[in-house]
Amino acid sequence: MVEKEEAVISEEEAAQYDRQIRLWGLEAQKRLRTSRVLLVGMRGLGAEVAKNLILAGVKALTLLDHEQVSSEDSRAQFLIPSGSLGQNRAEASLNRARNLNPMVSVEADTENINQKSDDFFTQFDVVCLTSCSRDLLVRVDHICHKHNIKFFTGDVFGYHGYMFADLGEHEFVEEKAKVAKVSKAKQEVEDGPEAKKAKIDPTESILVKKKVQFCPLKDALEIDWHSEKAKSALKKTPTDFFLLQDLTVSGRNRSKKKCVKELHCFFIRQVLMKFRTDKKRDPQPSNYQEDSELLLQICSDVLDSLGVSPDLLPKDFASYCFSEMAPVCAVVGGVLGQEIVKALSQRDAPHNNFFFFDGRSSNGIVDCLGSK
């Protein structure tokens, strides 16, 4: 991790971040003001995360994206002005991003992340990847975990999105209501079960130091779902987890209705990740017919490899997988930005380690997977 300089909050900054300082304290804001963040992938989700971090007041944010602006970006990427078609996505996002908060240094990097050396990532306190392949996610997380750099990743596929965090060994403080001490004399006067209970003082609070251990992304994705322990955990595992999983699920001991619902989501995610690997892109509405046919073919191959009936998934499942839905980007980007701020400021308990969101039902869930 990059060495931190002594943070000094100027009067101008104190006025700018007054509300945040009142919310999480001056020391937390100082930590944010010395933090450098790398954000990879400036599509809809990346724009939401960038906006949240810039407004929170980090020291510096680097936007890395080697792709060019396409018509697809106009659906959810609000940092790119109209008329930017063909320009680099990071550079096209720069002016609007900087205008959000002049106190934050925002720079664009147009190189391909796949060509970056391991040392490149060590200059940041947080690395956040979006729209990347699974192999790249595992590689960068390994680098970050080794160098004690906070790692985040997330993606949005149509109505569905997720985020993952690997903070290594993370220390933080949590605000708790103060427990008022009751004198023995008062206990004797107020005898009974209620007198022995701890008295909470709602007017006072204390900061409690805590520590939590995160597992690397590779470990979270290589769970042996055949083990009895994993099968038991699988009963409460959100189906969106299988967005990144390999074909390792078999024989679930649960009702047919629940099993069909879980397999439905599992295979949709599985198909999407394989599509990204094979085509080096996500399904595009402009190529709807061809991409839909390919999604159905991949789906058929996956189901056949596991000996599952091809009727398990409805034929219209592909219609929920196209593009980035702006509302879903807003929700997942809000949670992702929140978790980065919490990690940098070391305030409040972080989500350990997955967050999943289903836009069709507007449900989100946090689940810890892969930790020993």
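Bear in mind the structure is a predicted one, so any value in this text is a computation, not a measurement.
- Below 30°, between 30° and 60°, or above 60°: for His170 and Phe214 the angle between ring planes is above 60°, a perpendicular geometry.
- Gln346 places a side-chain N or O within donor-acceptor distance of the main-chain N or O of Glu171, the cut-off being under 3.5 Å.
- At least one donor-acceptor pair closer than 3.5 Å links the side chain of Asp73 to the backbone N or O of Ser70.
- Judged by distance alone, with hydrogens and angles left aside, the side-chain atoms of Thr153 form a donor-acceptor pair with the main-chain N or O of Leu129 at under 3.5 Å.
- In terms of modelled atom types and a separation under 3.5 Å, the side chain of Ser93 and the main chain of Arg89 share a donor-acceptor contact.
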CA sep, side-chain torsions, deciding dist, call: Tyr162, Phe164, ring-ring contact (aromatic ring centres under 6.0 Å, His included): CA-CA 7 Å; Tyr162 83 97; Phe164 169 84; 8.3 Å; no
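- In terms of modelled atom types and a separation under 3.5 Å, the side chain of Asn112 and the main chain of His66 share no donor-acceptor contact.
- Remark: Ser361 engages Asn363 in a side-chain hydrogen bond (donor to acceptor under 3.5 Å, both in side chains) (not counting sequence neighbours).
- Judged by distance alone, with hydrogens and angles left aside, the side-chain atoms of Arg276 form no donor-acceptor pair with the main-chain N or O of Arg281 at under 3.5 Å.
- Ile21 and Val173 end up in different hydrophobic clusters when Ile, Leu, Val, Met, Phe, Trp and Tyr side chains are linked at under 4.5 Å.
- Counting only N and O atoms by type, the side chains of Glu48 and Asn52 include no donor and acceptor under 3.5 Å apart.
- Residues that satisfy the side-chain hydrogen bond (donor to acceptor under 3.5 Å, both in side chains) test with Gln289, not counting sequence neighbours, are Glu293.
- The hydrophobic cluster containing Leu167 also contains Val58, counting ILVMFWY residues as joined when their side-chain heavy atoms lie under 4.5 angstrom apart, directly or transitively.
- By the 30° and 60° cut-offs, the orientation of the rings of Phe124 relative to Phe120 is perpendicular.
- Linking ILVMFWY residues whenever their side-chain heavy atoms come closer than 4.5 Å, directly or via other members, leaves Leu207 and Leu32 in distinct clusters.
- Side-chain contact between Arg347 and Val341 is absent, with no heavy-atom pair separated by less than 4.5 Å.
- Linking ILVMFWY residues whenever their side-chain heavy atoms come closer than 4.5 Å, directly or via other members, leaves Leu23 and Ile206 in distinct clusters.
- In this pair, Tyr159 and Tyr320 present their aromatic rings perpendicular. The plane angle is above 60°, beyond the 30 to 60° band.
- Judged by distance alone, the side chain of Thr130 and the main-chain N or O of Gly41 form a donor-acceptor pair under 3.5 Å.
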Test side chain to side chain contact (heavy atoms under 4.5 Å, CB included) on Gln123 and Arg36 and set out the steps. CA-CA 8 Å; Gln123 63 184 298; Arg36 302 175 185 274; over 6 Å; no
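- Checked by atom type and distance alone, the side chain of Arg33 never pairs as donor or acceptor with a backbone atom of Ile9 at under 3.5 Å.
- Under the 3.5 Å distance criterion, with hydrogens and angles disregarded, no donor-acceptor pair is assigned to the side chains of Glu91 and Thr110.
- Listed for the Gln77 side chain is no donor-acceptor partner under 3.5 Å among the backbone atoms of Ala47.
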